[in-house]
There are 2 protein chains.
Amino acid sequence: MDLPHPSIDQISLPTVLGALGDTTRLAIVGELARHEGRVLPCSHFLHLGSKSNLSYHLAKMREAGVVRVECCGTRRLISLRRADLDTRFPGLLDSIIATAATRGAIPGSQTPTSQPA
Amino acid sequence: MDLPHPSIDQISLPTVLGALGDTTRLAIVGELARHEGRVLPCSHFLHLGSKSNLSYHLAKMREAGVVRVECCGTRRLISLRRADLDTRFPGLLDSIIATAATRGAIPGSQTPTSQPA
DNA sequence: TCAATCGTTCAACGATCTTTGAACTTAGGA
DNA sequence: TCCTAAGTTCAAAGATCGTTGAACGATTGA
């Protein structure tokens with residue numbers, strides 16, 4: 001039932017960058033960053049795409065080592081592999097998340113703070 | 001004769017990440033970083049691919065705003081848009097370049113210092 | 001002028017990506 | 001038990017990607 005995740009050593013820079021080079025996936029990462037430390041179900045991201053579409057994007061990020069997916073009954077609990085990524089690529093995630101929270105860096109996205117709550 | 005480059009404001013995070021999510025292009029950026037401030041002709045990168053292949057990758061990075069391409073006779077002089085990227089995405093390029101210089105982060109690549117000269 | 005050099009462009013290809021909807025699986029609750 | 005909710009998987013489709021080789025244009029130098 002456990003889904004396969006790359007070990008820290010197996011996480012590759014171009015694969016991570018490729019995984020983040022997509023507006024939907026970047027939006028997911030931004031969302032996860034805003035809920036730092038917490039764990040979110042897939043359904044949290046339904047506003048970003050259809051069920052099967054999210055399944056696709058989340059699998060891609062899991063395989064790239066960006067995200068961890070844990071099974072909990074019929075749920076999948078998603079979290080950022082923040083510590084692992086910080087170990088592997090110091091500063092990378094920080095700068096991406098900081099940028100992603102900035103107006104205009106991601107075309108078509110709204111600034112998180114612009115949403116009511 | 002001048003090739004089109006996006007202005008700083010037009011540089012988008014997912015596009016930049018996508019441009020860097022490729023081993024050939026990451027290698028080009030690494031090479032440019034090792035020659036910081038200097039300007040290199042396309043021919044400098046011929047060990048990374050064929051002429052037309054490099055033309056493709058360099059165009060992609062130019063359009064993404066990662067690289068500047070200046071025409072000088074029949075030459076194209078390539079440079080990293082380091083200052084522009086630092087302004088737009090503080091810390092991003094630093095962490096990518098630092099990582100790219102690390103053994104193992106980019107599968108199939110050799111650490112620059114591992115090469116004789 | 002002629003030839004060589006430097007790089008772009010094009011068409012083609014196979015591969016990968018992104019999205020969709022329908023069918024399916026699995027677990028939990030009434 | 002049966003139903004529902006949460007996600008996955010699959011096939012299909014269209015788009016984009018990365019690579020190649022051939023043809024092309026533009027500049028430089030003999």
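Below, chain A is the first sequence line, B the second, and so on; all start at residue 1.
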* Structure fact -> In terms of heavy-atom contacts, Val69(B) and His5(B) come closest through N-NE2, 2.9 Å
* Asked: Do you know the tightest heavy-atom contact between Thr15(B) and Ala64(B)?
  -> CG2-CB, 3.8 Å
* Between dT8(D), dT18(C), dG18(D), which nucleotide gets closest to the side-chain atoms of Lys51(A)? -> dT8(D)
* To do: Figure out the CZ/P separation between Arg76(A) and dT26(C), and round it to whole Å.
  => 10 Å
* **Residue closer to the 5' end of DNA chain C, Val69(B) versus Arg25(A) (nearest nucleotide)** => Val69(B)
* **Pair listing, salt bridge (charged side-chain N to carboxylate O under 4.0 Å, His left out) test, anchored in residues 45-68 of chain A, at least two apart** => Arg68(A)-Asp84(A)
* To do: Can you measure from CZ (Phe45(B)) to CG (Leu40(B)) and round to the nearest 0.5 angstrom?
  => 4.5 Å
* **Distance, rounded to the nearest Å, where Arg75(B) contributes CZ and dT27(D) contributes C1'** => 11 Å
* Give, ordered by number, those residues of residues 52-65 of chain A having at least one heavy-atom distance below 4.0 Å to an atom of DNA chain D; if nothing qualifies, reply none. => Ser52(A), Ser55(A)
* Residues two or more places apart in sequence or in another chain: which of them pass side chain to side chain contact (heavy atoms under 4.5 Å, CB included) with Thr74(A)? -> none
* To do: Mind running a 4.0 Å heavy-atom check of residues 36-50 of chain A against DNA chain C and sending the residues that fall below it, in number order?
  => none
* **Counterpart residues, ring pair (Phe, Tyr, Trp, His ring centres under 6.0 Å), relative to His57(B) (two or more places apart)** => none
* For Leu77(A) and dT8(D), give me the distance from atom CG to atom P, rounded to whole Å. => 11 Å
* Asked: Over how many whole Å does the gap from Ile28(B) atom CD1 to dG18(D) atom P extend?
  -> 11 Å
Solution key, residues 17-24 of chain A side-chain donor-acceptor pairs under 3.5 Å, sequence neighbours excluded:
from: Asp22(A); atom 1: OD1; to: Thr24(A); atom 2: N; distance (Å): 2.9
from: Asp22(A); atom 1: OD1; to: Arg25(A); atom 2: N; distance (Å): 3.0

* Between dT19(D) atom C1' and Asp22(B) atom CG, what is the distance in whole Å? -> 11 Å
